[in-house]
Chemist: 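Take this structure, written in structure tokens, and hold onto it; I'll ask about it next.
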Amino acid sequence: MATPTTRLRPAERRRQLVDVATGLFLDRGYGNVSVSDIARAAGISGPSVYRHFPDKESILAAAMRSAVDEMSATTERVLARPGATFDDLSSAVFAMAVSTPGPLALWRWNRRHLTAEQAGEMIAASESVLGSWTEVLRRDHPEITDDDARVLTWAVLAVGGSVPPSRGRIGIRRYRADLETIAQRVLRAAPSKAPVLPAPPARRAPVLRSDEILDAASELFFSRGYSTVSMDDIGAAVGISGPSVYGHFPSKGSILVGVVGRARAALEIGVIGAAGVSDGDPAVELRSLVRSYAANLVTSTDLAVAFTVGREVVIESGGEALLAAQKAYVARWVALLAAAADRDRPAGTDGALDAAGARIAVGAAMTIANDFARTRRLRRRPRFYDELVFLVDAALGL
């Protein structure tokens, strides 16, 4: 960390501010970080930050752009080699993601905070990378359709973006190798081959005004971010004034508690249902959990909000129970996947899936589910639910 007496060149100072801000945004949540916080962590005064960036949004955009630019540069560098393959591309980007996961995590979770112009620039740059990857995938696998290739490229990029800001004790080589294995499984799951599943039940129509408010708030938090939504915005979405919302909820935080409470209930219902149909088979139970999770992502924005709102915001709003439920839910997936792999292992072999491998696979699978659910062009696909389940199952090796 720099001190007030450290003198850096302008480009170095910008890089330092971006790095410091990235850590703060990931740790506290974008809405809970101020320019003063960034300045203090960088060891400079608040006004000094404005010599390099006009506002906090510009710092966020620069942090995200660094991830997109690095991915673009990596893509160009790999494709410059004669005979470069899709596997070469994914391996190089996985190495980048495992080494410096912060900027990619920011792009996944905070892009809604960008201005329309900033978001447009990021999307254009991302589309260029996506197009290059899709073209290489089609060249390497001519049996894959253009549509399947594009969706599979999205899924492989999501696998690369699944690395958390902290890998814990999992080494870089191990993490990268596991991601490559998961990507190979995903590439064999062409969306057009996804089996037709029973459609998930439609969400129940709101009965009370409070239900309407929660539904509207969930959509707004999902599309615009919790910190940018006001009580007036929520009221307008249901046809009442902002002050009238207080007749149903004392604060915006209490509305968030209602939304995340519904998300927690959805997870718990899925767990109970999966245990009821499994007959003790961990693979059957995990497949049921995948379907219930995908169904909730498809029919509601509650889960997406619960998993994307900053941890501090949830705690301040009294949602500690949700955080505990999230952790327990992910741990259940991990335990079931490890148990399923052990159960399917031929007697006398040493092919058990350890806890680290199960965590990596579950992280990749959930990232595919969450990223696809947040991407409107994918959500609008006619068979989105079937395809989502198929890809998540593939990532898990089910």
Chemist: Is it true that E12 and R15 have a side-chain N and a carboxylate O under 4.0 angstrom from each other?
Modeler: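 No.
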Chemist: How would you list, by chain and number, every residue that makes a side-chain contact (heavy atoms from CB on, under 4.5 Å) with E76, sequence neighbours excluded?
Modeler: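 Applying side-chain contact (heavy atoms from CB on, under 4.5 Å) to E76 gives S72.
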Chemist: Any salt bridge (charged side-chain N to carboxylate O under 4.0 Å, His left out) pairs touching residues 283-299, not counting sequence neighbours?
Modeler: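 Those involving residues 283-299 are E285-R332, R291-D393.
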Chemist: Checking side-chain polar atoms at under 3.5 Å, does D302 have a donor or acceptor matched by the opposite partner on S218?
Modeler: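 There is such a pair between these side chains.
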Chemist: For E180, is the CD atom crowded, meaning more than 12 foreign heavy atoms sit under 6.0 Å from it?
Modeler: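 Atom CD in E180 is crowded, with more than 12 foreign heavy atoms closer than 6.0 Å.
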Chemist: Got a sec, which residues hit side-chain hydrogen bond (donor to acceptor under 3.5 Å, both in side chains) with R359, two or more places apart in sequence or on another chain?
Modeler: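 Result, side-chain hydrogen bond (donor to acceptor under 3.5 Å, both in side chains) vs R359: none returned.
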Chemist: If the threshold is 4.0 Å, N to carboxylate O, is there a salt bridge linking D19 and R14?
Modeler: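 Salt bridge between D19 and R14, a charged N being under 4.0 Å from a carboxylate O: no.
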Chemist: Checking D233 against S230: is there a side-chain donor and acceptor pair closer than 3.5 Å?
Modeler: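 Indeed, the side chains of S230 and D233 share at least one donor-acceptor pair under 3.5 Å.
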Chemist: Does NZ or CZ of K193 lie under 6.0 Å from the centre of the six-membered ring of F390, at an angle within 45° of the ring axis?
Modeler: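 Checked: cation-pi criterion not met.
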Chemist: Linking Ile, Leu, Val, Met, Phe, Trp and Tyr through side-chain heavy atoms less than 4.5 Å apart, which residues share a cluster with V207?
Modeler: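 The other cluster members (ILVMFWY side chains, heavy atoms under 4.5 Å, direct or chained) are L208.
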Chemist: Could you pull out all residues at least two apart from D88 that satisfy salt bridge (Lys or Arg N to Asp or Glu O under 4.0 Å)?
Modeler: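 For D88 there are no salt bridge (Lys or Arg N to Asp or Glu O under 4.0 Å) partners, ignoring immediate neighbours.
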Chemist: Would you list the pairs meeting side-chain hydrogen bond (donor to acceptor under 3.5 Å, both in side chains) in which at least one residue belongs to residues 241-250, sequence neighbours left out?
Modeler: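 Of all non-adjacent pairs touching residues 241-250, those that pass side-chain hydrogen bond (donor to acceptor under 3.5 Å, both in side chains) are S241-S244.
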Chemist: Considering residues at least two apart in sequence or located in another chain, which fulfil the salt bridge (Lys or Arg N to Asp or Glu O under 4.0 Å) criterion with R379?
Modeler: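 For R379, no residue satisfies salt bridge (Lys or Arg N to Asp or Glu O under 4.0 Å) once neighbours in sequence are set aside.
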Chemist: For R174, check side-chain hydrogen bond (donor to acceptor under 3.5 Å, both in side chains) against everything at least two apart and list the hits.
Modeler: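 Partners of R174 under the side-chain hydrogen bond (donor to acceptor under 3.5 Å, both in side chains) test: D178, D354.
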Chemist: Can you tell me if S34 and D37 form a side-chain donor-acceptor pair at under 3.5 Å?
Modeler: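 Yes - a donor-acceptor pair under 3.5 Å links their side chains.
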Chemist: Considering only residues two or more places apart or on different chains, which pairs with a residue in residues 56-87 satisfy ring pair (Phe, Tyr, Trp, His ring centres under 6.0 Å)?
Modeler: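 For residues 56-87: F86-W133.
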Chemist: Assess, by modelled atom type and distance only, whether the side chains of S58 and D55 contain a donor and an acceptor separated by less than 3.5 Å.
Modeler: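 Their side chains do contain a donor-acceptor pair, which is all the 3.5 Å distance test asks for.
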Chemist: Decide yes or no on side-chain contact (heavy atoms from CB on, under 4.5 Å) for I44 and R13, but give the supporting numbers first.
Modeler: CA-CA 10 Å; I44 62 176; R13 181 66 77 188; 3.5 Å; yes
Chemist: Take D215 and R262, measure what salt bridge (Lys or Arg N to Asp or Glu O under 4.0 Å) needs, and give me the verdict at the end.
Modeler: CA-CA 10 Å; D215 287 348; R262 297 195 310 187; 2.9 Å; yes
Chemist: Is there any salt bridge (charged side-chain N to carboxylate O under 4.0 Å, His left out) pair reaching into residues 122-134, and which pairs are they, with sequence neighbours excluded?
Modeler: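 For residues 122-134, and leaving out neighbouring residues, the salt bridge (charged side-chain N to carboxylate O under 4.0 Å, His left out) pairs sorted by first residue read E127-R150, E127-R377.
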Chemist: Under 3.5 Å, which donor-acceptor pairs link side chains of residues 266-274 to any protein atom two or more places apart or in another chain?
Modeler:
from: E268; atom 1: OE2; to: R264; atom 2: NE; distance (Å): 3.1

Chemist: Hey, mind stepping through V392 and Y293 against side-chain contact (heavy atoms from CB on, under 4.5 Å) and telling me if it holds?
Modeler: CA-CA 10 Å; V392 172; Y293 188 73; over 6 Å; no
Chemist: Going by side-chain hydrogen bond (donor to acceptor under 3.5 Å, both in side chains), name the residues that satisfy it together with R139, two or more places apart in sequence or in a different chain.
Modeler: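 None.
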Chemist: Tell me which one of T375, L303, L297 satisfies side chain to side chain contact (heavy atoms under 4.5 Å, CB included) with N370.
Modeler: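 Passing option: L297.
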